[in-house]
Amino acid sequence: MQRQIIPQTMGQQFGRRSWAEPWKIKMVEPIRMTSREERERAIAEAGYNTFLLRSDDVYIDLLTDSGTSAMSDRQWAGLMLGDEAYAGSRNFYRLEATIQDYYGYRFVVPTHQGRGAEHLISQALIQPGDVIPGNMYFTTTRLHQELAGGRFVDVIIDEAHDPQSEHPFKGNVDLGKLQALIDEAGAERVRYVSLAGTVNMAGGQPVSMDNVRTLRELCDRYGIPIYLDATRMAENAYFIQEREPGYADKPIAAILKEFCSYTDGAWMSAKKDSLVNIGGWLAVNDEEVFDAARNLVVVYEGLHTYGGMAGRDMEALAIGIEESVQDDHIRSRIGQVRYLGELLVDWGIPIVCPVGGHAIFLDAKRFYPHIRQNEFPAQMLAAQLYLDSGIRAMERGVVSAGRDPETGDHRYPALELVRLTIPRRVYTQAHMDVTAEAVKAVYDARMETRGLDMVYEPKYLRFFQARFQPLVA
Ligand code: F0G
């Protein structure tokens with residue numbers, strides 16, 4: 001049975017008619033289903049951590065949408081135009097102009113991926129003792145802020161921590177919380193606001209234009225800059241177009257640019273929105289910040305006209321940026337995520353609502369109410385999904401949250417989630433059906449499942465490399 005979920009904007013325009021992807025498939029990569037025995041061996045060898053599986057042992061890979069999207073024929077053709085000069089590659093100038101054009105910032109520093117840019121901006125701006133408020137933490141972002149001596153403080157609205165709240169902009173900053181932090185810490189200690197579009201750890205939840213506009217006014221009163229994690233801002237623009245009064249007829253590209261205009265700069269993991277397998281950048285309006293970042297990039301990434309990317313990578317990225325803001329592209333991308341979400345909701349499976357931009361997030365607390373959070377219910381749920389059908393997902397709960405650097409205790413986030421992340425332009429509707437059925441099978445067997453014990457824990461970003469063993473009765 002094929003079902004179609006019609007995004008509101010299109011439904012309003014045409015009535016209930018199906019839509020389809022604005023592309024056809026020119027090349028395929030075979031994938032292989034494994035046996036249950038093979039998967040039992042593979043997950044045990046991987047220490048029940050889906051990051052440690054070999055991709056050859058995975059059937060449908062929903063670990064991440066990062067670097068896993070399919071490039072277009074134009075992007076592949078662009079690879080042949082790579083100018084691999086060490087300095088001054090023509091592809092850099094094209095990329096720089098494209099970022100200036102679509103995101104609107106003045107100065108661009110290329111990096112190998114998002115965390116390279118996070119490193120540069122954190123080192124350039126943060127002094128020990130600074131406070132960095134933001135709309136929920138992201139793993140690598142917060143770590144770089146902490147390594148630079150800063151303290152991240154979550155100022156997202158309360159609804160973001162509630163997987164059942166239907167708030168249309170669960171990524172919004174709570175301006176009251178921010179004001180209280182400024183009053184308590186002093187404006188001079190609040191180095192910048194770390195704002196993210198479609199907040200990853202909250203379930204891909206968007207920020208409204210009204211929120212960023214009012215945030216700007218508040219920050220202007222204290223001279224506090226706003227830096228944006230633009231990683232999935234094109235997806236955020238789609239939600240503004242769909243949900244915010246006054247934006248239904250504005251193109252995604254215009255919404256994106258307006259949003260960025262309320263911020264002082266951005267860092268980007270181009271491996272998401274921009275439809276490339278590797279790449280990133282930092283872009284700012286302040287020339288002094290640019291100078292500092294451009295100097296640091298040569299220490300950590302590469303010369304300031306490639307920053308860790310090959311010339312061909314920069315060409316593919318410039319083309320990917322143009323494709324990423326096409327309205328029909330983004331509508332079908334988010335439409336596919338929603339399609340999977342609606343199947344799961346119909347079957348009563350607990351997920352984060354409303355469905356966000358890049359992924360479906362299973363609510364492991366409601367899925368496995370009998371497993372305590374320090375027995376890693378989301379980690380176990382991701383493992384069970386792999387065992388059932390070779391589908392690879394990712395834990396986004398207590399393991400990802402890590403330990404408090406001051407107390408050394410686990411941080412217990414309100415959200416204990418498993419992320420089924422949809423790569424762009426890669427899987428079909430049938431893959432979504434197979435995925436939904438697998439989740440249902442794991443849900444039906446939920447009461448037989450127990451938790452995990454962590455048997456190895458690395459110091460940084462533990463979720464990538466930690467190892468676990470099933471608890472026995
Ligand atoms: N910011 C956000 C919101 C991200 O989702 C990521 C990466 C980064 C920054 C860091 O960028 O990976 O290019 O160094 N997220 C990936 C994910 C890893 O699976 O969500 P990066």
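Both ligands and their constituent atoms are indexed starting at 1 by order of listing.
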- Message: Taking the six-membered ring of Tyr137 as reference, does the cationic atom of Arg142 (NZ for Lys, CZ for Arg) lie under 6.0 Å from its centre and within 45° of its axis?
- Response: yes
- Item | Distance filter under 4.0 Å to Thr140 heavy atoms, resulting ligand 1 atoms | 8 (C), 10 (C)
- Message: Judged on heavy-atom distance to atom 5 (O) of ligand 1, which of Thr68, Thr139, Asn200 sits nearest?
- Response: Asn200
- Item | Close-contact set for ligand 1 against Met394 heavy atoms, below 4.0 Å | 19 (O)
- Going by distance alone, is a donor N or O of one side chain under 3.5 Å from an acceptor N or O of the other, for Asp210 and Ser208? no
- Would you mind checking which non-hydrogen protein atom is closest to atom 21 (P) of ligand 1, with the distance to 0.1 Å? Gln113 NE2, 3.3 Å
- Closest protein heavy atom to atom 9 (C) of ligand 1, given as residue, atom name and distance to 0.1 Å: Glu118 OE2, 3.0 Å
- Item | Geometric class of the Tyr105/Trp281 ring pair [parallel <30°, tilted 30-60°, perpendicular >60°] | tilted
- Message: For the backbone of Val398 and the side chain of Glu416, can you confirm whether one donor and one acceptor N or O come within less than 3.5 Å of each other?
- Response: yes
- Item | Nearest-contact summary for atom 3 (C) of ligand 1 - protein heavy atom, Å | Asp229 OD2, 3.3 Å
- Item | Aromatic Phe463 / basic Arg396 pairing, under 6.0 angstrom, 45° off normal | yes
- Does a side chain donor of either Arg392 or Thr50 reach within less than 3.5 Å of an acceptor in the other side chain? no
- Query: Any idea which protein heavy atom is nearest atom 12 (O) of ligand 1, and the distance to it?
  - Reply: Arg115 NH2, 2.9 Å
- Item | Lys271: numbered ligand 1 atoms lying under 4.0 Å from its heavy atoms | 13 (O)
- Task: Assess whether atom CZ of Arg425 is packed by more than 12 heavy atoms of other residues, nucleotides or ligands within 6.0 Å.
- Result: yes
- Task: Please indicate whether Glu166 has more than 12 foreign heavy atoms, meaning atoms of other residues, nucleotides or ligands, lying under 6.0 Å from its CD.
- Result: yes
- Note on the structure: for atom 16 (C) of ligand 1, nearest protein heavy atom and its distance come out as Lys272 NZ, 3.1 Å
- Message: I need the atoms of ligand 1 closer than 4.0 Å to a non-hydrogen atom of Thr64, numbered in the order shown.
- Response: 17 (C), 19 (O)
- Message: Using a 4.0 Å heavy-atom cut-off, which part of Arg419 comes near ligand 1: side chain, backbone, both, or neither?
- Response: side chain
- closest protein heavy atom to atom 8 (C) of ligand 1 is Phe138 CE2, 3.5 Å
- Message: Can you give me the closest heavy-atom contact between Glu323 and Ser72, atom names plus distance?
- Response: OE2-OG, 2.7 Å
- In this structure, atom 11 (O) of ligand 1 is nearest to the protein heavy atom Ser269 CB, 3.2 Å
- Query: Which atoms of ligand 1 are found less than 4.0 Å from any heavy atom of Gly114?
  - Reply: 11 (O), 13 (O), 14 (O), 21 (P)
